[in-house]
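Worksheet: the structure to be examined is printed underneath.
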Amino acid sequence: MQREDAFLRAWRDTAGPDIDPATRPRGRYRSLWISDLHLGTPGCQARALLDFLKHTECDTLFLVGDIIDGWQLRRHWYWPQAHNDVVQKLLRKARNGTRVIFIPGNHDEFARKYLNHNFGGIEVAEEWIHETADGRKLWIIHGDLFDGVIQCAKWLAHVGDSLYEFTLKLNRHLNSLRARMGLPYWSLSNYLKQKVKRAVSYVGDFEMAVAREARKRGVQGVVCGHIHHAEMRDIDGILYCNDGDWVESLTALAERADGTLEIIHWAEHMPALTQVPPRARRRSTEVA
């Protein structure tokens, strides 16, 4: 909760006093993709995610893996009310007519035991082929099957996960200080990824491997998550899309009514939550 509170303080310090989040318009999309929420960890930015879910509507919502972090929950139980609110909000969307499709990842691999089942209106699938409004076929996967570390040395992946959690903890303290100074959120982990040559090479290798497999399957594009790096680019004629994460990036992939795809950086929308009267702030944190 410390990280989320730091963000809220920062947002309150940068917005006007008369903005009421209840009056914010909802973005309307044909499809939305989100992944790597990592519910069950302190790094999950559940309040920002709730704000996103409240202020967007879509016909189909894809949950592209690592929604619940089973790895972390086995080591240490962490489940605040905000994380429960996210689950309830997703279930409510499914009940209200949004088609919600959940494709498990490596952190919630326990859900792969329930492929082709439906839980509260949420469909569980190993992968998916989505056709956009303009006729393109996109292959939807989490992406861990193309991660050599996950496939060949899972123990090393768990070690890396622990180091990653340490980086996020350090990042929370850093951003708490930045919030008190009125500065926006900054991701230490993303900065390190961009600066370390091996990490940049890992991301590039992953993207190429996913695009090659998409080409073999005869589709025009692929949507994945896993590496916490939002991206949308052409790789040898294949549209590669990564929807990012809700630990560092606060990003989603969106399809508009005409089939246009774009990456949404939700942090850019968050100042509308800031500096509102206490009563309005309390309303804004309730699940719609």
Side-chain angles (χ1 to χ4, degrees), residues 7 11 21 24-38 45 47-67 86 89-90 93 97-103 105 127-143 184-187 190 193-194 203-204 206-208 210-211 214-215 219-273:
F7 285 135
W11 295 327
R24 291 167 61 195
R26 292 175 183 259
R28 176 69 194 175
Y29 302 94
R30 186 172 185 263
S31 307
L32 287 170
W33 291 263
I34 57 175
S35 74
D36 298 271
L37 314 186
H38 290 277
Q45 297 195 40
R47 294 189 184 280
L49 178 58
L50 277 169
D51 183 68
F52 170 79
L53 293 172
K54 289 178 186 178
H55 293 96
T56 57
E57 295 179 354
C58 60
D59 299 327
T60 306
L61 173 63
F62 291 94
L63 307 175
V64 194
D66 286 1
I67 305 305
V86 169
K89 182 63 176 175
L90 292 171
K93 279 186 174 290
T98 298
R99 188 177 191 185
V100 182
I101 299 169
F102 170 36
I103 298 171
E127 57 185 24
W128 202 267
I129 299 294
H130 172 75
E131 186 169 340
T132 62
D134 56 3
R136 291 175 291 173
K137 290 185 178 179
L138 305 178
W139 179 40
I140 318 299
I141 55 165
H142 176 63
Y185 169 69
W186 178 74
S187 173
N190 270 342
K193 285 179 185 177
Q194 295 299 320
V203 170
F206 173 87
E207 294 174 346
M208 292 295 293
V210 172
R215 184 178 298 104
V219 297
Q220 286 73 54
V222 58
V223 179
C224 60
H226 184 59
I227 59 173
H228 294 206
H229 182 72
E231 182 77 271
M232 188 168 68
R233 67 188 182 96
D234 182 276
I235 301 179
D236 297 331
I238 296 295
L239 178 62
Y240 168 86
C241 302
N242 193 301
D243 57 25
D245 68 278
W246 287 83
V247 174
E248 306 166 71
S249 308
L250 308 186
T251 53
L253 180 70
E255 178 194 4
R256 295 196 176 273
D258 62 356
T260 301
L261 298 172
E262 63 182 288
I263 293 175
I264 300 174
H265 296 270
W266 196 248
E268 297 174 0
H269 300 261
M270 293 302 290
L273 277 182

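- K93 places a side-chain N or O within 3.5 Å of a backbone atom of L53 that can act as its donor or acceptor partner.
- Side-chain atoms of Q45 do not come within 3.5 Å of backbone N or O of W246 as any donor-acceptor pair.
- Side-chain contact between T251 and H228 is absent, with no heavy-atom pair separated by less than 4.5 Å.
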inquiry  = Applying side-chain contact (heavy atoms from CB on, under 4.5 Å) to V223 and F62, what does each step give before you reach the verdict?
reply    = CA-CA 10 Å; V223 179; F62 291 94; over 6 Å; no

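- Atom CD in E57 sits 11.0 Å away from atom OH in Y29 (nearest 0.5 Å).
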task = Carefully, step by step, assess C58 and T98 under the rule side-chain contact (heavy atoms from CB on, under 4.5 Å).
result = CA-CA 7 Å; C58 60; T98 298; 4.0 Å; yes

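- The two residues A214 and G221 make their nearest non-hydrogen contact at CB-O, 4.5 Å.
- Rounding to the nearest 0.5 Å places CD1 of I140 at 8.0 Å from CG of L253.
- Between W33 and H130, the angle of the ring planes goes over 60°, which puts this pair in the perpendicular group of the 30/60° scheme.
- The CD1 atom of I263 sits 7.0 Å away from atom SG of C241, with the distance rounded to the nearest 0.5 Å.
- In this structure, the side chain of R215 does not engage the main chain of G237 through any donor-acceptor pair within 3.5 Å.
- Here the side chain of R26 pairs a donor or acceptor atom with the backbone of K54 at under 3.5 angstrom.
- G244 and D36 get closest at one heavy-atom pair: O-OD2, 3.6 Å.
- Considering every non-hydrogen atom in both A133 and A257, the closest pair reads CB-O, 3.2 Å.
- Of the candidates E207, M232, M208, E207 is the only one forming a side chain to side chain contact (heavy atoms under 4.5 Å, CB included) with Y240.
- For G225 against D243, the heavy-atom pair with the smallest separation is CA-OD1, 3.9 Å.
- Side-chain contact between L61 and L90: present, with at least one pair of heavy atoms (C-beta onward) separated by less than 4.5 Å.
- With values rounded to the nearest 0.5 angstrom, E131 atom CD is found 11.0 Å from S31 atom OG.
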ask   = Checking side-chain contact (heavy atoms from CB on, under 4.5 Å) for the pair I264/L32: CA distance, chi angles, key distance, verdict?
value = CA-CA 10 Å; I264 300 174; L32 287 170; 4.2 Å; yes

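- Side chains of N242 and H229: a donor-acceptor N/O pair is absent below 3.5 angstrom, by distance only.
- Rounded to the nearest 0.5 Å, atoms CG (D66) and CG (D245) are 10.0 Å apart.
- Without hydrogens or angle criteria, H142 side chain to V64 main chain gives a donor-acceptor distance under 3.5 Å.
- Ring-plane geometry between F52 and W266 is classed as perpendicular, the angle between the planes exceeding 60 degrees on a 0 to 90 degree scale with a lower cut at 30.
- For the atom pair CZ of R30 and CG of D59, the computed distance is 7.0 Å after rounding to the nearest 0.5 Å.
- Within the 4.5 Å cutoff, the side chain of V210 has heavy atoms near those of the I141 side chain.
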request  = Starting from the C-alpha separation in whole Å, work towards a yes-or-no answer on side-chain contact (heavy atoms from CB on, under 4.5 Å) for L138 and E255.
outcome  = CA-CA 11 Å; L138 305 178; E255 178 194 4; over 6 Å; no

